[in-house]
Amino acid sequence: QVQLLESGGGLVQTGVSLRLSCAGSGRSFSTYAMAWFRQAPGKEREFVARISWSSESTDYTDSVKGRFTISRDNAKNTVYLQMDSLKPEDTAIYYCAASRTYRTSRTGGQYWGQGTQVTVSS
């Protein structure tokens, strides 16, 4: 079992950077693929980025490619999302998820955090 807690969200202006963190607990954390999702008001949950347990593989949705970077530090049981050049359309609640396999991590996971709010003003 894995428990996840996101942090690092806030209110920023267009063009600013933020780094989100997702801290995990559980002895098996390092074996899980990790992913970030987001949900904006009135919209469905959207996949943002994912990373394999060894950091060998990463994947991003088209709208954030070149701006966002996902990484993880298994020694600290933490996954990060570095967000650069933020735009108003990035405004959403961001969630991290742990998945047993990298293959299925683009659509969801077995464990979810509570979310952290990111608001980008124009």
With a 4.5 Å heavy-atom cut-off, do [X] and [Y] have their side chains touching?
{"X": "Y95", "Y": "L4", "result": "no"}
{"X": "S63", "Y": "E46", "result": "yes"}
{"X": "F29", "Y": "N74", "result": "yes"}
{"X": "M83", "Y": "D90", "result": "no"}

Quick one: [atom1] on [X] to [atom2] on [Y], what's the gap to the nearest 0.5 Å?
{"X": "T116", "Y": "Q114", "atom1": "OG1", "atom2": "CD", "answer": "7.0 Å"}
{"X": "D59", "Y": "I51", "atom1": "CG", "atom2": "CD1", "answer": "11.0 Å"}
{"X": "R50", "Y": "T107", "atom1": "CZ", "atom2": "OG1", "answer": "8.5 Å"}
{"X": "K43", "Y": "T91", "atom1": "NZ", "atom2": "OG1", "answer": "10.0 Å"}
{"X": "C22", "Y": "N77", "atom1": "SG", "atom2": "CG", "answer": "10.0 Å"}

Geometric cation-pi criterion R72 and Y32, 6.0 Å radius, 45° cone: no
Backbone of S57 reached by a side-chain donor or acceptor of S52 within 3.5 Å: yes
For the student: nearest non-hydrogen atoms of [X] and [Y], plus distance:
{"X": "A40", "Y": "A92", "answer": "N-CB, 3.8 Å"}
{"X": "P88", "Y": "S122", "answer": "CG-CB, 3.9 Å"}
{"X": "R67", "Y": "S85", "answer": "NH1-O, 3.1 Å"}
{"X": "A35", "Y": "S105", "answer": "CB-O, 3.6 Å"}
{"X": "L20", "Y": "W36", "answer": "CB-CH2, 3.7 Å"}
{"X": "T104", "Y": "T101", "answer": "OG1-OG1, 2.8 Å"}

With a cut-off of 6.0 Å (strictly less than), are more than 12 heavy atoms of other residues, nucleotides or ligands near CD of E89? yes
Count the heavy atoms belonging to other residues, nucleotides or ligands that lie under 6.0 Å from CD of Q110, then report whether that count exceeds 12. yes
Testing Q39, Q117, R38 one by one against Y94 for a side-chain hydrogen bond (donor to acceptor under 3.5 Å, both in side chains), which residue passes? R38
Check this for me, if you would: do K65 and D62 make a salt bridge, where the nitrogen-to-carboxylate-oxygen distance has to be below 4.0 angstrom? yes
Are a donor atom and an acceptor atom from the side chains of S28 and T31 found within less than 3.5 Å of each other? no
Using the rule that two of Ile, Leu, Val, Met, Phe, Trp, Tyr join whenever any of their side-chain heavy atoms come within less than 4.5 Å, decide whether [X] and [Y] are in one cluster.
{"X": "L5", "Y": "V79", "value": "no"}
{"X": "Y111", "Y": "I70", "value": "yes"}
{"X": "Y102", "Y": "M34", "value": "no"}
{"X": "V120", "Y": "L18", "value": "yes"}

Report the hydrophobic cluster partners of L11, with the cluster defined as I, L, V, M, F, W, Y residues connected by side-chain heavy atoms closer than 4.5 angstrom, directly or transitively. none
Using the ring-ring contact (aromatic ring centres under 6.0 Å, His included) rule, collect all pairs that involve residues 47-90, keeping only residues at least two apart or in two chains. F37-F47
side-chain hydrogen bond (donor to acceptor under 3.5 Å, both in side chains) pairs, two or more places apart, involving residues 7-26: S17-D84
